[in-house]
Colleague: 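One structure coming up, written as structure tokens, with questions to follow.
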Amino acid sequence: IVIITEDGKETLIEADTIISSYRVANSSLLDVLEFAVDEIYCIGDAVRPRGLYQAIQEGYRLGLDL
């Protein structure tokens, strides 16, 4: 596979297998439950894909608010 680095340089990486993946926000459960409860919160990757640190911080802040 040929990748282009941040500085624009092309680099060849030899591999037998390549897995292409991407993260997409998924709030479908929120859509189902929002009319069934008085309060509901959407956090983490359901809002938008981010890193683990951001998800932990978001959960921590919501816990403090509750």
Side-chain angles (χ1 to χ4, degrees):
I1 185 169
V2 176
I3 63 167
I4 301 174
T5 61
E6 290 180 1
D7 61 357
K9 180 181 172 188
E10 288 188 2
T11 303
L12 174 66
I13 299 175
E14 294 185 29
D16 293 330
T17 305
I18 299 169
I19 299 173
S20 176
S21 66
Y22 59 94
R23 300 185 319 177
V24 177
N26 183 352
S27 62
S28 59
L29 184 59
L30 176 72
D31 298 337
V32 172
L33 296 176
E34 68 182 337
F35 300 107
V37 296
D38 293 332
E39 289 185 54
I40 192 165
Y41 304 94
C42 187
I43 63 170
D45 285 357
V47 176
R48 73 177 195 276
R50 290 166 284 177
L52 180 61
Y53 178 78
Q54 290 83 8
I56 291 170
Q57 286 296 108
E58 191 171 10
Y60 176 77
R61 280 186 253 118
L62 178 59
L64 290 176
D65 289 344
L66 295 176

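Nothing here was measured: the structure is a model prediction, and the numbers come from that model.
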Colleague: Spell out, yes or no, whether Ile18 and Ile13 are grouped together once hydrophobic residues are joined by side-chain heavy atoms under 4.5 Å, including indirect joins.
Modeller: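 Yes, one cluster joins them.
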Colleague: With rounding to the nearest 0.5 angstrom, report the CD to OG1 distance, Glu10 to Thr5.
Modeller: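 Output value for this atom pair is 9.0 Å.
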Colleague: Give me the atom names and distance for the closest heavy-atom approach of Glu58 to Gly44.
Modeller: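 The pair with the smallest heavy-atom distance is OE1-N, 3.0 Å.
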Colleague: What pair of heavy atoms forms the shortest contact from Ala46 to Ala25, and how long is it?
Modeller: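 Heavy atoms of Ala46 and Ala25 come nearest at O-CB, 3.6 Å.
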Colleague: Counting distance only, does the side-chain N/O of Arg50 pair as donor-acceptor with the main-chain N or O of Ala55 below 3.5 Å?
Modeller: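 Not at all, since once roles are kept as given, no pair shorter than 3.5 Å links the two residues.
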Colleague: Decide if atom CG of Asp38 counts as having more than 12 heavy atoms of other residues, nucleotides or ligands within a radius under 6.0 Å.
Modeller: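 At most 12 heavy atoms, drawn from other residues, nucleotides or ligands, come within 6.0 Å of this atom.
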Colleague: Quick one: do Tyr41 and Leu66 satisfy side chain to side chain contact (heavy atoms under 4.5 Å, CB included)? Show the steps, please.
Modeller: CA-CA 11 Å; Tyr41 304 94; Leu66 295 176; 3.4 Å; yes
Colleague: Could you tell me the separation between the CD1 atom of Ile43 and the CG atom of Leu30, rounded to the nearest 0.5 Å?
Modeller: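 One gets 11.5 Å once the value is rounded to the nearest 0.5 Å.
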Colleague: Quick check for you: to the nearest 0.5 Å, what is the distance between Leu29 atom CG and Glu34 atom CD?
Modeller: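 Spacing of CG (Leu29) from CD (Glu34) equals 10.5 Å.
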Colleague: Any sub-3.5 Å donor-acceptor pair from Asp45's side-chain atoms to Val24's backbone N or O?
Modeller: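 No, Asp45 side chain to Val24 backbone: no donor-acceptor pair under 3.5 Å.
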